[in-house]
Amino acid sequence: MSNFWHCHADFDNDSQITSAALRRQLHERSESRANDNMTIPVYVIDVTSATISEHHVKRSESERAVSLLLNASNVKKLQTGDGHIVIFAKPDRRDPTTSVCFIDGVLVPGLGKLVIAGADGETMRGPLVSIDDFAERVEVTRPALDPVELMDGQRKVGFAVRLVREKATVKARAIASYRQ
């Protein structure tokens, strides 16, 4: 009789272990699905207007969403060294450059828009600092044309070119989430 209970006890113990492992696997799967549907914030720098705004993208579709935000299929990534990545459209030599962007004094080769995200290896996550703090690190340089009168017997008007450097301004702290 004791053998019967001993075997039964072992069976219950094994089924509890199997049941606990199964529950753990189901929980991990549901957590993984929940993480895929979560949105993460990213910052978008518009180099032409020297503004920065916050957008939200689905974690599971972050690469595709970033391509849509940049309006480009060929994107490049640049590590900043502090856990962030700068994602930008690969510049085409035929595209005119009207302004350039510096982050922490380093020239970023992208034109138009840049996306800033946190990075944990290959996994994209939200930025590690607030949008206001990141905006302080961004400078945009662009040419300005000043009219100049030239006198050589006739009155002529020309232009003097000067470079204007300005900090990025926060345009919006949160913009509607990326939708398909």
Side-chain angles (χ1 to χ4, degrees), residues 25 28-145 159 161-180:
Q25 281 181 342
E28 287 171 0
R29 284 185 191 159
S30 67
E31 204 171 75
S32 174
R33 280 191 208 117
N35 283 341
D36 285 347
N37 289 326
M38 286 177 42
T39 61
I40 56 170
V42 295
Y43 302 151
V44 177
I45 299 171
D46 187 339
V47 178
T48 57
S49 65
T51 57
I52 183 170
S53 56
E54 182 179 326
H55 294 255
H56 291 267
V57 297
K58 270 186 171 181
R59 181 184 306 271
S60 61
E61 299 175 359
S62 58
E63 298 289 330
R64 181 172 175 263
V66 166
S67 291
L68 289 173
L69 283 170
L70 293 173
N71 195 23
S73 59
N74 191 2
V75 298
K76 296 281 186 183
K77 294 179 184 178
L78 179 69
Q79 294 281 341
T80 62
D82 66 346
H84 290 100
I85 54 172
V86 181
I87 307 166
F88 55 92
K90 183 177 178 184
D92 186 356
R93 290 185 178 187
R94 295 173 296 193
D95 293 336
T97 302
T98 58
S99 50
V100 293
C101 182
F102 293 86
I103 298 176
D104 295 329
V106 177
L107 176 66
V108 179
L111 306 173
K113 291 184 180 178
L114 311 171
V115 174
I116 309 299
D120 187 15
E122 292 296 313
T123 305
M124 189 182 302
R125 59 185 164 115
L128 303 174
V129 297
S130 72
I131 191 169
D132 295 304
D133 289 342
F134 204 89
E136 285 296 315
R137 299 168 55 185
V138 177
E139 280 189 343
V140 173
T141 301
R142 63 172 143 240
L145 300 175
F159 292 97
V161 179
R162 65 184 164 87
L163 294 178
V164 177
R165 261 194 141 149
E166 62 184 305
K167 290 280 188 186
T169 57
V170 178
K171 181 178 177 182
R173 283 181 173 59
I175 293 182
S177 299
Y178 161 74
R179 298 189 203 314
Q180 291 184 11

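Nothing fancy with the numbering, it's 1 onward along the sequence. All values below were derived from every heavy atom in this structure, side-chain atoms included, with hydrogens, water molecules and symmetry-related copies excluded.
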Margin query: Let me confirm one number: the NE2-OG distance from His56 to Ser62, rounded to the nearest 0.5 Å.
Written below: 14.0 Å
Item checked: Glu63 and Lys77 ion-paired at < 4.0 Å -> yes
Next item on the list: Kindly indicate, with the supporting measurements, whether the criterion side-chain contact (heavy atoms from CB on, under 4.5 Å) is fulfilled by Ile131 and Ile52.
Entry: CA-CA 8 Å; Ile131 191 169; Ile52 183 170; 4.1 Å; yes
Note to self: When you measure from the side chain of Lys167 to the backbone of Glu136, do you find a donor-acceptor pair of N or O atoms at a distance under 3.5 Å?
What the structure shows: yes
Next item on the list: Please report the closest heavy-atom contact between Thr98 and Arg142, naming both atoms and the distance.
Entry: O-CB, 3.4 Å
Note to self: side-chain contact (heavy atoms from CB on, under 4.5 Å) for Val170 and Ser53? Distances and angles first, verdict last.
What the structure shows: CA-CA 6 Å; Val170 178; Ser53 56; over 6 Å; no
Notebook entry, point to check: Any donor-acceptor pair under 3.5 Å linking the side chain of His84 with the backbone of Gln79?
Noted result: no
Check: Can you check whether Ala119's main-chain N or O pairs, donor with acceptor, with Arg125's side chain at less than 3.5 Å?
Finding: yes
Item checked: Worked check of side-chain contact (heavy atoms from CB on, under 4.5 Å) between Phe88 and Val115 -> CA-CA 6 Å; Phe88 55 92; Val115 174; over 6 Å; no
Check: How far apart are the closest heavy atoms of Val57 and Ala65, and which atoms are they?
Finding: CG1-CB, 3.5 Å
Checklist line | Plane angle bin for Phe134 and Tyr43 - parallel if under 30°, tilted between 30 and 60°, otherwise perpendicular | finding: tilted
Notebook entry, point to check: Do you know which two heavy atoms are closest between Ile40 and Gly126, and how far apart they sit?
Noted result: CB-N, 4.2 Å
Item checked: Qualifying salt bridge (Lys or Arg N to Asp or Glu O under 4.0 Å) pairs, either residue in residues 38-52, two or more places apart -> none
Check: So, Ser99 side chain and Val47 main chain: donor-acceptor pair closer than 3.5 Å or not?
Finding: yes
Item checked: Test log, rule side-chain contact (heavy atoms from CB on, under 4.5 Å), inputs Val100 and Val108 -> CA-CA 7 Å; Val100 293; Val108 179; over 6 Å; no
Next item on the list: Taking all non-hydrogen atoms of both residues into account, name the closest pair between Val75 and Leu70 and its distance.
Entry: CG1-CD1, 3.7 Å
Note to self: To the closest 0.5 Å, what do you measure between CG (Leu69) and CD1 (Ile87)?
What the structure shows: 9.5 Å
Next item on the list: State, with a plain yes or no, whether a side-chain heavy atom of Ile45 is found less than 4.5 Å away from one of Ile116.
Entry: yes
Margin query: Holding to side chain to side chain contact (heavy atoms under 4.5 Å, CB included), I want the full list of residues that pass it with Asn71, two or more places apart in sequence or in another chain.
Written below: none
Checklist line | Results of salt bridge (charged side-chain N to carboxylate O under 4.0 Å, His left out) for Arg137 - residues two or more places apart only | finding: Asp82, Asp104
Next item on the list: Would you check if Cys101 and Val138 make a side-chain contact, meaning some heavy-atom pair closer than 4.5 Å?
Entry: yes
Notebook entry, point to check: Quick one: are Leu145 and Val161 in side-chain contact, heavy atoms under 4.5 Å?
Noted result: yes
Check: Taking all atoms of both residues into account, what is the closest heavy-atom pair of Ala135 and Ala168, and its distance?
Finding: CB-O, 3.8 Å
Note to self: Return the CG to CG distance between Leu114 and Leu78, rounded to the nearest 0.5 Å.
What the structure shows: 9.5 Å
